[in-house]
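Report on the following structure.
Throughout, protein chains are lettered first and strands after them, A, B, ... in sequence-line order, and every chain is numbered starting at 1. All of these numbers come straight from a predicted model, not from anything done at the bench.
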Amino acid sequence: MQPFTRSVIEIMRGIPAGYVMTYGQIAAEAGSPRGARQVVRILHAMSAAHHLPWHRVVNAKGEIALPDVEARLNQQYSLEAEGVEVDAKGRINLERYRYYSNR
DNA sequence: AATTTGACGAAGC
DNA sequence: GGCTTCGCCAAAT
């Protein structure tokens, strides 16, 4: 496994309930500032196998990025169950819920 | 080896 | 705020 991939997994595991991180943020902290899309790929490949809280990952605008409507709702409910407010359009207040793993 | 593919992101209109 | 264009990069084809 590549160091980048391992870092991404560790960072994701470190996101506490009630917070979210963005793809770009995770990629940057994992050492690849422009590797947001790789984070997506890793999620697809590893989320189940590593018990990753993929629902705590949103895009840079703070919205649920899933293309599939039903999957979006699942993610939304998961987040709300942890205390994250999600509006009808699947948007989240990043100012309030973004998690910074290094500060 | 070359090309395509994304649950992305920043910038410009 | 919505839409387009361009840059990104590893994995799959």
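Checked by distance alone, A:R41 brings a side-chain donor or acceptor within 3.5 Å of a matching partner on the base of B:dT5. The base of C:dC8 lies close enough to the side chain of A:R37 for a donor and an acceptor atom to sit less than 3.5 Å apart.
Following rounding to the nearest Å, A:Q25 (CD) and C:dC8 (P) show an atom-to-atom distance of 21 Å. The distance from atom CG of A:L52 to atom C1' of B:dA7 is 14 Å, rounded to the nearest whole Å. Rounded to an integer number of Å, the gap from A:F4 CZ to C:dC8 P is 15 Å. Note: CE (A:M46) to P (C:dA10) measures 15 Å, nearest angstrom. The distance from atom CG of A:L43 to atom C1' of B:dG6 is 12 Å, rounded to the nearest whole Å. When rounded to the nearest whole Å, the span between CD1 of A:I92 and C1' of B:dA7 equals 13 Å. Going from atom OH of A:Y23 over to atom C1' of C:dC9 covers 17 Å, rounded to whole Å. Atoms CG (A:N59) and C1' (C:dG1) sit 14 Å apart, rounded to a whole Å.
Tested against A:V20, the residues A:V57, A:L79, A:V86, A:N93 include a single side-chain contact (heavy atoms from CB on, under 4.5 Å) partner, A:L79.
Position along DNA chain C of the nearest nucleotide to A:Q38 versus A:R91 favours A:R91 as the more 5'-ward residue.
By the 4.5 Å heavy-atom criterion applied to side chains, A:L43 and A:M12 are counted as neighbours. Between A:H55 and A:Y77 the shortest side-chain heavy-atom distance does not fall below 4.5 Å.
Under the 3.5 Å distance criterion, the side-chain polar atoms of A:Q38 are left unmatched by any main-chain donor or acceptor of A:T5.
Using a 4.0 Å cut-off, no side-chain N or O of A:H44 falls inside it from OP1 or OP2 of B:dG6.
No engagement by A:G35 is indicated, since no non-hydrogen atom pair under 4.0 Å with the nucleic acid exists.
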